[in-house]
Each structure stands twice: as structure tokens, then as C-alpha cells.
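By convention here, the first residue in the shown sequence is residue 1.
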Amino acid sequence: QGFAVVEHVAVTEENILSVIEDFEHKIEHYDIPSDGLVLTYESISYGQSLGRTAKFPRDSIAFKWADELRETTLKEIEWSASRTGLINPVAIFEPVELEGTTVSRASVHNISILRSLRLGIGDHITVYKANMIIPQIAENLTGSDNVEIPKVCPVCGQPTEIRQMNEVQTLYCTNEKCPAKEIKAYTLFVSRDALNIDGLSEATLEKMIDQGFIHEYADLFRLDRYKEVITQMEGFGEKSYQNMIDSIEAARHTTLPRLIYGLGIAGIGVANAKVLCRYFDYDLEKMQKADTETLSAVPGVGEVLAGAFTDYMSDAENLKQIEHLKQFLTIEVPQVDENAQTLSGMSFVVTGSLNHYASRNDLKEVIEERGGKVTGSVTGKTTCLINNDITSTSSKNKKAKELQVPILTEEEAAVYKRGRNAKSFTMAKNATMSDYRKATGFEALMGYLYLKDEFERLVELVKTGVEEMRLKL
């Protein structure tokens with residue numbers, strides 16, 4: 001019987017612009033949203049013969065539609081509190097249709113953006129969906145600038161304060177015991193990168209806190225006491241309750257980085273939690289006793305994060321919660337081979353598609369196992385950028401070239417390992433480190449990550465920077 005395919009039209013140099021214009025009008029009435037068009041060859045076999053780069057096929061070009069804008073009226077600013085005490089302004093406006101859905105709210109992110117938009121109640125604004133997903137305010141057509149910054153937290157009623165960091169102003173609740181912080185803290189604790197407990201959404205946690213079931217993290221592992229009440233709660237039944245309990249039971253077996261991240265210590269994300277745990281040999285007691293000076297010496301931590309960590313671990317209430325938690329948890333301690341920590345102190349950025357790893361997370365795990373750190377942006381401290389498309393004009397590639405950070409690929413390294421394509425790699429038995437850098441720009445590091453048998457030898461070269469060390473091929 002077959003199935004219907006999307007509409008396609010043959011184009012030439014003469015009619016391509018008019019065809020695009022026709023599609024631009026048609027998509028307004030499509031049942032399924034469209035984010036653009038693809039220009040490709042009619043002959044599939046010819047198109048495939050052109051090959052592809054690491055990221056893109058050479059036989060096609062994608063065109064994205066301009067963001068769809070709608071004019072509407074601002075009704076109010078809602079102030080949304082988070083677990084860190086940050087209070088974000090959210091614009092509530094008259095509902096409009098955007099990209100196939102009805103939209104009535106958009107985050108304004110911080111005080112600086114709120115003021116730059118000069119927002120006021122009743123103002124006429126234009127809104128759009130960034131990447132066709134996230135509603136944003138594009139422009140304020142009125143600019144009455146009459147929104148007042150709340151002097152008290154919308155949740156607990158305690159005083160707020162405006163803090164400035166890197167020229168960005170944000171609003172904070174000053175109450176350490178604010179209920180909003182409590183709910184958001186539990187939400188982080190059960191999240192995928194922390195204890196990974198299914199069935200406990202923010203709304204469900206709020207109900208359980210209101211019922212008095214949860215007063216501290218350890219109470220999450222005692223929820224089976226309240227089976228009769230929970231199974232009668234809206235959204236719960238025997239099956240969903242049992243699924244939640246099974247997930248809680250599975251979460252008892254966890255790792256120290258997951259626990260440290262789940263505690264919600266200011267500034268300690270997933271990557272920093274892993275770095276700290278490795279540095280202290282996965283010993284929680286050592287971490288709790290570490291002073292600011294010791295923590296500041298940990299690569300990638302610094303004084304601000306060190307201060308936040310010691311403040312948290314010096315609070316008696318926090319220490320009591322951790323002790324109670326430990327009664328319910330089995331914390332796995334990985335066997336660390338100190339000789340394999342060849343990337344210690346090195347920072348990597350991974351972007352683009354990979355050929356030898358199922359995902360970037362797989363490669364990230366390999367780097368972290370060897371003591372390295374994977375970050376999201378290229379800086380002067382980045383050891384190298386890993387991107388199979390070294391000719392890409394992406395922002396990361398541009399930044400790497402600007403900062404003279406080496407860009408690596410997997411494929412070139414694998415080719416080098418197999419001894420092929422001598423033109424691409426002008427290596428010789430008596431090549432110097434300087435020659436090697438000119439020839440490959442450190443591309444072989446990815447090959448050694450993939451081909452682990454000789455990985456350590458190359459990393460040592462990169463790490464020490466010995467310019468004249470000879471390579472044995």
C-alpha cells in the first residue's frame with residue numbers, strides 16, 4: 001500500500017526562488033510544522049557518489065525558515081524561584097499561535113534583560129520560538145518600563161537582593177530555608193545525573209512535602225511507610241507506586257559523584273563532582289574535611305567553588321543529612337589505576353559527530369577515566385578541541401583557532417595508526433615533536449583514545465610538551 005511522502009518540487013536556477021516563496025506560504029496551513037527546506041539532487045545514486053564530510057552530506061543543502069514572530073500584549077511578570085535562591089522573571093502575555101502551538105509565557109532570564117527590554121504591563125511585544133522550541137521576547141514595541149522588582153520572595157515572603165556577576169544582574173531570595181529552594185533541591189537530588197529516581201516529579205515531591213512525608217533526603221528512602229496514602233494520591237495507583245519504589249530501591253546503589261552532585265552544592269555540577277571525587281580517591285570523609293586551600297588546588301575548582309564546598313560541608317545540618325543518607329546507600333568505589341591517569345589536569349571539548357564512539361558521553365567517560373575533564377566551551381585552558389570536521393566554521397572551531405588550541409579528529413588518527421595516507425601524515429622515525437605538531441595538529445590523540453594500546457605514549461608527549469622527543473613508529 002505504501003505511504004505518502006512529503007511534497008517535493010523540481011527546481012532550476014530560474015525558478016528556485018519562486019518555489020521557496022510558494023513553500024513559505026504553504027507551510028502556514030500544513031498539519032505538521034516545518035522548520036525549513038532541503039535542496040538535493042534528483043538522482044540518489046549521483047548524490048551518494050559525492051560522499052560526505054564528518055557532519056554533512058555533500059549532495060544537500062538545508063534552508064531554515066526565519067523565526068515566526070507574533071505581536072501580543074504583556075499581561076504580567078511572574079517571579080519564579082529556584083533551588084539556588086535565584087528568582088527569574090517570566091513574561092505572561094496574551095496567548096498567540098507560534099509554530100503550531102499556543103504560547104502564553106516566556107522566560108526573561110534575569111534583571112538585566114528585563115531592564116534592557118524596558119518591559120511594562122500592557123506593553124505591546126513581539127515573541128518567537130528560539131530553535132522553534134523555546135518562547136522568547138524579540139522586541140518591546142512600547143517600552144513603558146514600569147515593572148517593579150519585588151522586594152520580597154514570592155514563595156516565602158523574605159527579603160530579596162539584586163546581585164551582579166559579570167555585568168549581569170539577577171534577583172535572589174536571601175532566606176536559606178525558603179520552601180522553593182527545598183522543593184527544587186529534592187528535584188535535583190532525584191534527577192537523572194544524581195540519584196536517578198523515576199516517578200518523583202517536582203509536583204509529586206511538593207505534594208509529599210506538604211503531606212509531611214519528606215523532611216530530609218533520607219526520607220525519600222522511607223516512602224514505603226506511606227503506601228496507603230500515596231496510592232490514593234492523584235496520579236498514583238498500585239503500579240505507579242511500585243514503579244517508584246523499585247526506582248528508589250535501585251537508587252540505593254550509587255556512586256559518590258552522583259551523590260555530591262545531587263546535594264546541590266552551589267557551582268558543583270556533574271563534571272566538577274567527578275573531578276573532586278577522583279582527586280580525593282572517592283573518599284567522602286576526606287572531602288568533608290578538606291579546607292578551602294586544599295580544594296582550590298583541585299584542577300578546575302578554584303576559590304569560589306572551594307568556598308561553596310567548604311561552606312556546605314561545615315554546616316551541621318548538612319552533615320547530619322549526609323550521615324542519615326549513608327545509612328540507606330551503597331556507594332560504589334571505582335578501582336582507579338593511578339598509572340592510567342594520563343589526562344590528569346587536561347581539559348577537552350568534544351563537538352560534532354563521532355565514528356568510533358556511540359555518543360559523546362561514551363568518549364567523555366573514556367577521558368574522565370584517565371583523569372581528564374570534558375567541558376562545554378573552548379577557552380585558553382582547553383588542551384584540545386575534538387571535532388572530526390576540522391574545516392568546520394563552527395563557533396568552537398573558530399575559537400580554538402583564535403586561541404591556538406589544537407583541533408583533533410578521530411579518522412586521521414586511525415589512518416595514521418594503520419600507516420596509510422603518508423601524504424596526510426609526514427611522520428618519520430626521526431621526526432621531532434615540532435614536526436609532528438605541524439604535520440597533524442595533534443590529531444592522533446583521538447586515535448590513541450580509540451586505540452588504547454599506545455594511547456599513553458602520545459598523551460605523555462602532549463602533556464610534557466617535549467619539543468624534541470623522538471617518536472617510534
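- In this structure, D219 contributes its side chain and H215 its backbone to a donor-acceptor pair below 3.5 Å.
- Using cut-offs of 30° and 60° for the angle between ring planes, the Y226 and F213 rings count as parallel.
- Looking at heavy atoms from C-beta onward, I77 lies out of side-chain contact with V90 at the 4.5 angstrom threshold.
- Contact annotation: the side chain of V152 never approaches that of Q158 to less than 4.5 Å [non-hydrogen atoms, C-beta and beyond].
- Checking T101 against K129 by side-chain atom types alone, a donor-acceptor pair falls below 3.5 Å.
- Ion pair K320/E323 not flagged as a salt bridge, since none of the NZ, NE, NH1 or NH2 atoms sits closer than 4.0 Å to an Asp/Glu carboxylate oxygen.
- Side-chain atoms of K26 and E7, non-hydrogen and from C-beta on, do get closer than 4.5 Å to each other.
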Inset, instruction - Test side-chain contact (heavy atoms from CB on, under 4.5 Å) on T73 and F93 and set out the steps. - result: CA-CA 5 Å; T73 303; F93 44 81; over 6 Å; no
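- Residues meeting the side chain to side chain donor-acceptor pair (under 3.5 Å) test with E303, sequence neighbours left out: none.
- When atom types are taken as modelled, the side chain of T382 and the backbone of S347 share no donor-acceptor pair closer than 3.5 angstrom.
- For E148, the CD atom counts as loosely surrounded, since its 6.0 Å shell holds 12 or fewer non-hydrogen atoms of other residues, nucleotides or ligands.
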Legend entry - Steps toward side-chain contact (heavy atoms from CB on, under 4.5 Å) verdict (I111, I149): CA-CA 8 Å; I111 301 298; I149 310 301; 3.8 Å; yes
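- In terms of heavy-atom proximity, T72 sits nearest to E94 at OG1-O, 2.7 Å.
- T310 and T292 share a side-chain donor-acceptor pair at under 3.5 Å.
- Note: L98 CG to L69 CG = 8.0 Å, rounded to the nearest 0.5 Å.
- A salt bridge does not link K184 with E182: none of the charged nitrogens is closer than 4.0 Å to a carboxylate oxygen.
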Legend entry - Chi angles and distances behind the side-chain contact (heavy atoms from CB on, under 4.5 Å) call for L220, L200: CA-CA 10 Å; L220 291 164; L200 288 173; 3.9 Å; yes
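- Between L319 and M313, some side-chain heavy-atom pair lies under the 4.5 Å cut-off.
- For E228, the CD atom counts as loosely surrounded, since its 6.0 Å shell holds 12 or fewer non-hydrogen atoms of other residues, nucleotides or ligands.
- Smallest separation of non-hydrogen atoms from F236 and I230: CB-O, 3.1 Å.
- The structure places CG of L205 at 5.5 Å from CD1 of I214, a figure rounded to the nearest 0.5 Å.
- Using a 4.5 Å cut-off on side-chain heavy atoms (C-beta onward), Y241 and D224 make contact.
- Using a 4.5 Å cut-off on side-chain heavy atoms (C-beta onward), P135 and V127 make no contact.
- With values rounded to the nearest 0.5 angstrom, K286 atom NZ is found 13.5 Å from L276 atom CG.
- Atom SG of C153 and atom CD1 of I87 lie 4.5 Å apart (nearest 0.5 Å).
- For E317, the CD atom is densely surrounded, since the number of other residues' heavy atoms within 6.0 Å is greater than 12.
- Without hydrogens or angle criteria, T254 side chain to A251 main chain gives no donor-acceptor distance under 3.5 Å.
- A pairwise comparison of heavy atoms in E78 and R105 identifies OE2-NH2, 2.7 Å as the closest pair.
- Here CD of E206 is found 9.5 Å from OG of S201. Values are rounded to the nearest 0.5 Å.
- A donor and an acceptor atom, one from each side chain of H124 and E139, are nowhere located under 3.5 Å apart.
- Using cut-offs of 30° and 60° on the angle between ring planes, the pair F189 and F221 is perpendicular.
- Of the charged side-chain nitrogens involved, at least one lies within less than 4.0 Å of a carboxylate oxygen, so that K227 and E238 count as a salt-bridged pair.
- Put simply, NE2 on H253 and CZ on R258 are 14.0 Å apart, with the number rounded to the nearest 0.5 Å.
- In this structure, the side chains of M165 and T170 stay at 4.5 Å or more apart for every pair of heavy atoms.
- In this structure, D123 and S144 approach most closely via the heavy-atom pair OD1-OG, 2.6 Å.
- Listed here is the closest heavy atom pair of I322 and L284: CG2-CD2, 3.9 Å.
- Considering N146, D145, I137 as possible partners of L119, the one that fulfils the side chain to side chain contact (heavy atoms under 4.5 Å, CB included) test is I137.
- Contact between G199 and T204 at its shortest, heavy atoms only, is O-CG2, 4.0 Å.
- Between the side chains of N243 and S240, no donor-acceptor pair of N or O atoms lies under 3.5 Å.
- Counting non-hydrogen atoms of neighbouring residues, nucleotides and ligands closer than 6.0 angstrom, the NZ atom of K289 reaches no more than 12 such neighbours.
- Side-chain contact check for K373 and N272: at least one donor-acceptor pair (N or O, by modelled atom type) lies under 3.5 Å.
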Inset, instruction - Check the pair Q169 / R163 against side-chain contact (heavy atoms from CB on, under 4.5 Å), numbers first and verdict last. - result: CA-CA 6 Å; Q169 291 186 326; R163 301 175 188 172; over 6 Å; no
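- The backbone N or O of D389 lies less than 3.5 Å from a partner atom in the side chain of N397, making a donor-acceptor pair.
- With 3.5 Å as the limit, one finds no donor-acceptor pair spanning the side chains of Q321 and E216.
- Heavy-atom contacts from other residues, nucleotides or ligands closer than 6.0 Å to CD of Q164 number more than 12.
- Put simply, the side chain of I386 reaches to within 4.5 Å of the side chain of F348, judged on heavy atoms.
- When each of L295, I260, D281 is checked for a side chain to side chain contact (heavy atoms under 4.5 Å, CB included) with M287, only I260 meets the rule.
- Put simply, the side chain of S247 gets close to the backbone of D198: a donor and an acceptor are under 3.5 Å apart.
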